[in-house]
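Counting convention: from 1, in listed order, for ligands and their atoms alike. For the single chain, residues carry numbers from 1 onward in sequence order. None of these values were measured; they are calculated from a predicted model.
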Amino acid sequence: MWVTILLSAFIAFVIFKITLISYRRRRYPEPHYDWSQINTDEISFPQDFHWGTATAAHQVEGSLSNNWSTHEVVKGLEQSGFACDHWNRWEEDYNLLSELGVSSYRCSIEWSRLEPEQGVWKEEALQTYSAMVDDLIARKIRPVITLHHFSHPQWWEAKGGFADKDNIAAFVHYCERVFDTLSDRVDIWVTINEPTVFSSMGYSLGFFPPGRRSLRLTLRVMRHVMLAHARVYRSLKAKRPDAQIGIAKNVTLFDPRNRWSPIDWPLSRLLEWLWNGAWRNGITNGRMLFTAIPEAKDSLDFVGLNYYTHVLTGLSIGALRRLEFPKRDQEVATEFGYPMYAEGFRRAIEFLAPLGVPIEITENGVADAADTLRPEHLKRHLWVLSEAIKDGYDVRSYHHWSLMDNFEWAEGYSMRFGLYHVDFETQERTLRSSGELYKEIISSN
Ligand code: GCO
């Protein structure tokens, strides 16, 4: 019995200590601006700033057979199906880009199209991507190519995907092939999209393929994804040293929900370390989650930021597993459930700045079918971005997520992120008012 009492006292003491430390190091609540006092029209951007939009292959191309389409069937989710039929309509869709007036476009390559079976390569598919690149350049739009945006061939998944270190070689080989074909025209590359989202959604929460729930596996996948990124980085840089190679990092902030709770504070620190800090450590020190990954040190020429929200952590963390998000009273919930929190955009930029490389905003946007929140969302985030640039942060671009409504992963077609509305019956695209607004902002900045 004494052992139990002593042990409980010790655990209580440790929790108390960590709470105290995190309590001292953080403001409560986290920063919130009085938006009624801010004129969000007052923005200015550098001459050479890139305005863009972003999409990902599995979300727009349609008719794919990969780890994700398998997961959709196995889990009984809404199926991606024809998606935006972008594979057949890409030229028309590029007219939408021209209409907006963007100078940059982020899209991804679908590995399962190029290598549907191990070692069987479809040259025509690669040629289609090559034609896309030519077309973008002819329109004076900079292509930003993502090599892995959540999807990969089912044969590679069946071999364990990123969970097995031995599989990294095949991934690097695929990246090299794409790079060999496109790097004479594409200068800027994203190796992997959202390493932490990929690892946690697929291996902790089970919402993404392969639908596992294991902390041990999650940590292993996080390390392997870092290693894979680093190997791709080294290999592509050796081929073309002046290529700009980075990653798209989703920086989600975790803030304690309750001022007095001894659980909320250490939990927010822990989650933020796991989600953001451990990853940044990997890049700065070549060490991640207590493992040496020396290749990862300084393996970025730029860092892509995907910013959406902050998460209020607390005892209701179970709600997070069901993807329910608490919000502060003054916050508006987006359709996805999480709050609109533009103030965090600044904090996310500040978090990435110590990496010492330029920042590209690779994603930012909101699910809003009625387009009632998106205009305000856009204005607030661009105001925060404009201020950050004025204050000296080196941010080179902004890519709005997304060009058009598309397949939102586990949420299917219910979440609409597009500047263009898509009618999935007729495949008709219609510019939303927020799209008009973005177009005006681009032309006057
Ligand atoms: C992600 C992706 C995008 C999403 C977007 C909206 O964050 O899951 O990079 O593919 O569609 O972020 O949720």
Query raised in the report: Can you tell me the protein heavy atom closest to atom 11 (O) of ligand 1 and the distance?
Result: Glu408 OE1, 2.6 Å
Query raised in the report: Should the pair Phe407 and His58 be assigned to parallel (<30°), tilted (30 to 60°) or perpendicular (>60°) ring geometry?
Result: perpendicular
Requested in this report: Would you mind running through ligand 1 and noting each atom that sits below 4.0 Å from a heavy atom of His149?
Outcome: 2 (C), 3 (C), 9 (O), 10 (O)
Query raised in the report: Polar-atom distance check: Tyr338 versus ligand 1, any N or O pair below 3.5 Å?
Result: no
Query raised in the report: Can a donor-acceptor pair be found between the side chains of Asn95 and Arg429 at a distance below 3.5 Å?
Result: no
Report summary line: Per-atom filter on ligand 1: closer than 4.0 angstrom to a heavy atom of Asn193 are 2 (C), 9 (O)
Query - Residue Trp401 vicinity, atoms of ligand 1 by number, heavy atom under 4.0 Å - result: 3 (C), 4 (C), 5 (C), 6 (C), 10 (O), 11 (O)
Report summary line: Among non-hydrogen protein atoms, atom 8 (O) of ligand 1 lies closest to Phe150 CE1, 3.2 Å
Query raised in the report: Just by distance, with hydrogens left out, do Thr362 and Lys249 show a side-chain donor and acceptor under 3.5 Å apart?
Result: no
Query raised in the report: Which ligand 1 atoms are under 4.0 Å away from a heavy-atom of Phe417?
Result: 6 (C), 13 (O)
**Report entry** Closest protein heavy atom (residue, atom, distance) for atom 10 (O) of ligand 1
**Finding:** Gln59 OE1, 2.7 Å
Query raised in the report: Do any N/O atoms on Asn250 end up under 3.5 angstrom from N/O atoms on ligand 1?
Result: no
Query raised in the report: For atom 3 (C) of ligand 1, which protein heavy atom lies nearest, and how many Å away is it?
Result: Glu363 OE1, 3.5 Å
Requested in this report: Identify whether the distance between the nearest side-chain nitrogen and carboxylate oxygen of Arg416 and Glu335 falls below 4.0 Å.
Outcome: no
Report task. For atom 5 (C) of ligand 1, grab the closest protein heavy atom and report residue, atom and distance to one decimal in Å. Result -> Tyr308 OH, 3.2 Å
Query raised in the report: Is the closest side-chain heavy-atom distance between Ser434 and His377 below 4.5 Å?
Result: no
Query raised in the report: Of the protein's non-hydrogen atoms, which lies at the shortest distance from atom 1 (C) of ligand 1, and what is that distance?
Result: Glu194 OE1, 3.0 Å
Query - Verdict with supporting geometry, Trp156 and Phe162, ring pair (Phe, Tyr, Trp, His ring centres under 6.0 Å) - result: CA-CA 9 Å; Trp156 194 69; Phe162 284 112; 4.8 Å; yes
Requested in this report: Ignoring hydrogens and angles, state whether a donor on the side chain of Asp301 or Gln244 is under 3.5 Å from an acceptor on the partner side chain.
Outcome: no
Query raised in the report: Taking atom types as modelled, is there a side-chain donor on Trp68 or Glu157 under 3.5 Å from an acceptor on the other?
Result: no
